[in-house]
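Shown next, in structure tokens, is the structure this report addresses.
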Amino acid sequence: VLKQVARMSAPDYPCEDARVDCAVRQLMLPSRPLPQPGPVEEAYTAAKSALDEADESDRQRRLVAATAAEETWERVRLGAEAFSAEAQVIRLGGIALAAIPGEPFPEFSVALKQHPAVPHGALCLGYANDYLGYIAPQSAWDVGGYEVSLGMWSFVGAEAFDMLLSETQALIRELFP
């Protein structure tokens, strides 16, 4: 160990770039597609009424239905306006930390890790600076599933994935010229 410390202490020992920097971009991400509010509100009201009238044997099933209807109604009530988002990349020497406001699908991290300008790789940090739900690629929207279903976990549309990825990659190029 002492030999290694002595070798690393030598003036000609190669050092890593110790640059620390940060770059940030604001962008507007389009909302996911939403149904008309009227029928969604009616379904929520009906589900609440059905829960209120449920006997003990049917209560659990109706509670699940009422909860799902409420989550859908709450998301629809937020509206279809675009959401403000912040993409951020922090450079720590030869590493890039990419911070985005949601939970990205693995494809996001894979694309960042393959960025040729970052010597020691890039890591995606979700839930940073806000929460816009799942950040899913078009392929996930095509398949469907919980992450892209209508609810409070799905604020932005399929375009958001590519928009955030593109901005994040631009920030990496800015910090790793």
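What you see is a predicted model; the values in this text were computed from it and never measured. Computation of the quantities below employed the complete heavy-atom set of this structure, encompassing side-chain atoms and omitting hydrogens, waters and symmetry-equivalent molecules.
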Output yes when a side-chain donor or acceptor of Thr72 lies under 3.5 Å from a complementary backbone atom of Ala68, and no otherwise. yes
Tested for side-chain contact (heavy atoms from CB on, under 4.5 Å) against Val89, the lone hit among Ile172, Val118, Val24 is Ile172
Take the angle between the ring planes of Phe83 and Phe155 and call it parallel below 30°, perpendicular above 60°, tilted in between. perpendicular
Would you indicate whether the side-chain heavy atoms of Ile100 and Glu167 approach each other to under 4.5 Å? no
Does atom CD of Gln26 have more than 12 heavy-atom neighbours, drawn from other residues, nucleotides or ligands, at distances under 6.0 Å? yes
Side chain Asp55, main chain Asp58, donor-acceptor under 3.5 Å: yes
Using a 4.5 Å cut-off on heavy atoms from C-beta on, say whether the side chain of Leu92 contacts that of Leu97. yes
Minimum side-chain heavy-atom gap Leu150-Arg32 below 4.5 Å: yes
Side chain to side chain, Ser84 and Met28, heavy atoms closer than 4.5 Å: yes
Checking Arg75 against Ser31: is there a side-chain donor and acceptor pair closer than 3.5 Å? yes
When you check the gap from the basic side-chain N to the acidic O, do Arg77 and Glu74 get nearer than 4.0 Å? yes
Look at the aromatic rings of Tyr146 and Trp153 and report parallel, tilted or perpendicular, splitting at 30° and 60°. parallel
Evaluate the side-chain proximity of Glu159 to Leu29: yes if any heavy-atom separation is below 4.5 Å, no if none is. no
I'd like to know whether His115 forms a side-chain contact (heavy atoms from CB on, under 4.5 Å) with Phe176, so could you lay out the CA-CA distance, the side-chain angles of the two residues, the decisive distance to 0.1 Å, and finally the verdict. CA-CA 10 Å; His115 203 289; Phe176 292 85; over 6 Å; no
So do Leu51 and Arg59 actually touch side chain to side chain, heavy atoms under 4.5 Å? yes
